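Comments concern the structure below.
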Amino acid sequence: MDVPDLPPWPATVREAEAVQDRLRSRIDLACPDPPSVRTVAGLDVAYAEDRLAAAIVVLDLDRLDVVEETVVLDRPSFPYVPGLFAFRELPALIEGLRRLSVTPDLLICDGHGLAHPKRFGLACHLGVLTGRPAIGVGKTRLVGAYDEPGADRGSWSSVTEDGEVVGRALRTQTGVRPVFVSVGHRVDLDTACAVTLRLTPRYRLPESTRRADRLSRRALASDRARPGGAP
DNA sequence: GCGACAG
DNA sequence: ATCTTGTCGC
């Protein structure tokens, strides 16, 4: 998949926030009329000491089987700061996308999109940098208020912040905590939730995210076991 | 001043 | 994210 070169990377909180302020206006909230999503890419990153492994797994949305996968070993590009999380792993994820021979119809991030203090979470950032549709599916809330959704799988409630809907708390399995779905770029919230439900026939988290999680951990472990290293 | 705070 | 044993439940 082709992705434009990355701009110079920020080194401070102040610079990173300036980047978010500048790129925020490039989010496209329109959604193609029949939203056709046949393939999705799950993106996740595992950490160990000063290393990280960014994994991407592309799935066929109908069959839920693997179309292609990539892993990139790297170092964090930024410290972890809530709200600036994207700066930490975006360079490795972008490199992983470049190594894909296919272009997935939708990128699914482990984190948030608009449900972010500046309405520019990882999913928005990744979407804007790639120009591709992206959503965020987070395990916990970052911003916003919501009512507990109904107990059944498929139940949901809006997550609102400053009077606007920034995402949804979506129950993907009966009797399990909801996940937090938000739009990143070029998709609508209904489509984002519909896709998330198709990816969760059995577990709380999307199959795409689960596969990427396993792959990233495996890659970190085998890299640690690798012979040789720095002299 | 005291919490909250994606991964 | 990661550090960690047993334990409750399907």
Side-chain angles (χ1 to χ4, degrees), chain A residues 10 13 16-17 19-20 23-24 27 41-57 71-94 96 107-129 134-146 151-153 159-162 165-170 172-185 189 192-193 196 201-206 208-221 223-224:
Chain A
V13 165
E17 288 173 336
V19 169
Q20 292 184 325
L23 295 184
R24 190 168 30 184
I27 295 173
L43 299 85
D44 193 27
V45 177
Y47 297 85
E49 296 165 359
D50 60 341
R51 300 175 307 137
L52 64 76
I56 301 176
V57 176
V71 201
V72 171
L73 296 168
D74 200 353
R75 289 178 186 291
S77 303
F78 205 82
Y80 174 70
V81 179
L84 300 179
F85 170 58
F87 294 92
R88 188 166 173 72
E89 41 187 59
L90 220 29
L93 290 173
I94 293 280
L107 307 177
I108 301 180
C109 300
D110 188 26
H112 298 92
L114 293 177
H116 175 277
K118 301 181 84 173
R119 308 291 179 272
F120 198 70
L122 174 62
C124 299
H125 205 146
L126 187 72
V128 165
L129 292 184
I135 66 172
V137 178
K139 295 183 284 292
T140 63
R141 183 198 72 101
L142 173 60
V143 297
Y146 65 98
D152 298 339
R153 162 175 156 86
V159 176
T160 60
E161 170 86 332
D162 301 324
V165 174
V166 297
R168 282 180 194 167
L170 175 67
T172 57
Q173 295 297 323
T174 299
V176 168
R177 287 176 296 152
V179 297
F180 298 83
V181 179
S182 59
V183 158
H185 190 61
L189 194 47
C193 289
T196 299
R202 169 95 214 265
Y203 299 100
R204 176 182 179 236
L205 297 180
S208 42
T209 299
R210 300 183 71 250
R211 299 250 189 169
D213 178 77
R214 277 187 295 163
L215 177 54
S216 63
R217 296 190 196 214
R218 221 190 304 141
L220 262 193
D223 180 57
R224 176 196 263 302

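Just so we're on the same page: letters track the sequence lines, and every chain starts at 1. Keep in mind that this is a model prediction, so the values were computed, not measured.
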For L220(A) and dT2(C), what is the distance between atoms CG and P respectively, to the nearest whole Å?
-> 8 Å
Just how far, in rounded Å, is P of dG7(B) from CD of E49(A)?
-> 22 Å
Would you indicate what A46(A) reaches in the nucleic acid, counting non-hydrogen atoms under 4.0 angstrom: base, sugar-phosphate, or nothing?
-> sugar-phosphate
Please determine, for the side chain of R217(A), which listed nucleotide (dA1(C), dC5(B), dG7(B)) has the closest atom?
-> dA1(C)
Rounded to whole Å, the CG-P distance (L142(A) to dA6(B)) equals 6 Å
Taking the side chain of R88(A) as its heavy atoms from C-beta onward, which of dA6(B), dG7(B), dA4(B) lies nearest to it?
-> dG7(B)
Please work out if G136(A) contacts a base, only the sugar-phosphate, or nothing of the nucleic acid, heavy-atom cut-off 4.0 Å.
-> nothing
Please state how far atom CZ in R168(A) lies from atom P in dA6(B), giving the value in whole angstrom units.
-> 23 Å
Candidates dA1(C), dA6(B), dA4(B) - which lies nearest the side chain of H116(A) = dA6(B)
Closest heavy-atom pair and its distance - T172(A), R204(A) | OG1-O, 2.7 Å
Separation of Q173(A) atom CD from dG9(C) atom C1', in whole Å?
-> 16 Å
Rounded to the nearest 0.5 Å, how far does OG of S182(A) lie from CD of E161(A)?
-> 12.0 Å
Rounded distance (Å) that lies between atom C1' of dA6(B) and atom NE2 of H125(A) = 15 Å
When all nucleic acid strands are considered with a 4.0 Å heavy-atom cut-off, which category describes F85(A): base, sugar-phosphate, or nothing?
-> base
Give a yes or no on this: more than 12 heavy atoms of other residues, nucleotides or ligands lie within 6.0 Å of atom CZ of R177(A).
-> no
Which is true for L43(A) with a 4.0 Å heavy-atom rule: it touches a base, it touches only sugar-phosphate, or it touches nothing?
-> nothing
With a 4.0 Å cut-off on heavy atoms, is L52(A) in touch with a base, just the backbone sugar-phosphate, or nothing at all?
-> nothing
Between K139(A) and dG7(B), does any side-chain N or O lie under 4.0 Å from OP1 or OP2?
-> yes
Do F78(A) and F85(A) pass the ring pair (Phe, Tyr, Trp, His ring centres under 6.0 Å) test, and can you show the C-alpha distance, the side-chain angles, and the key distance before you say yes or no?
-> CA-CA 8 Å; F78(A) 205 82; F85(A) 170 58; over 10 Å; no
Do the side-chain N or O atoms of Y80(A) get closer than 4.0 angstrom to the phosphate oxygens (OP1, OP2) of dA6(B)?
-> yes
dC5(B) OP1/OP2 closer than 4.0 Å to side-chain N/O of T140(A) | no
What is the distance from CG of D213(A) to C1' of dA1(C), rounded to the nearest Å?
-> 10 Å
Starting from C1' on dG7(B), measure out to CG on L205(A) and report it in whole angstrom.
-> 13 Å
Short side-chain N/O contact to dC5(B) OP1/OP2 from R141(A), under 4.0 Å | yes
Kindly confirm whether the side-chain ring of F180(A) is stacked on the base of dA6(B), judged by centres under 5.5 Å and planes under 30°.
-> no
Considering only side-chain heavy atoms of L122(A), which listed nucleotide, dA6(B), dC5(B), dG7(B), is closest?
-> dA6(B)
Is the ring centre of F87(A) less than 6.0 Å from the ring centre of H125(A)?
-> yes
Could you work out which one of dA6(B), dA4(B), dG7(B) sits closest to the side chain of D110(A)?
-> dG7(B)
Taking C-beta and beyond as the side chain, do L170(A) and T196(A) meet within less than 4.5 Å on heavy atoms?
-> yes
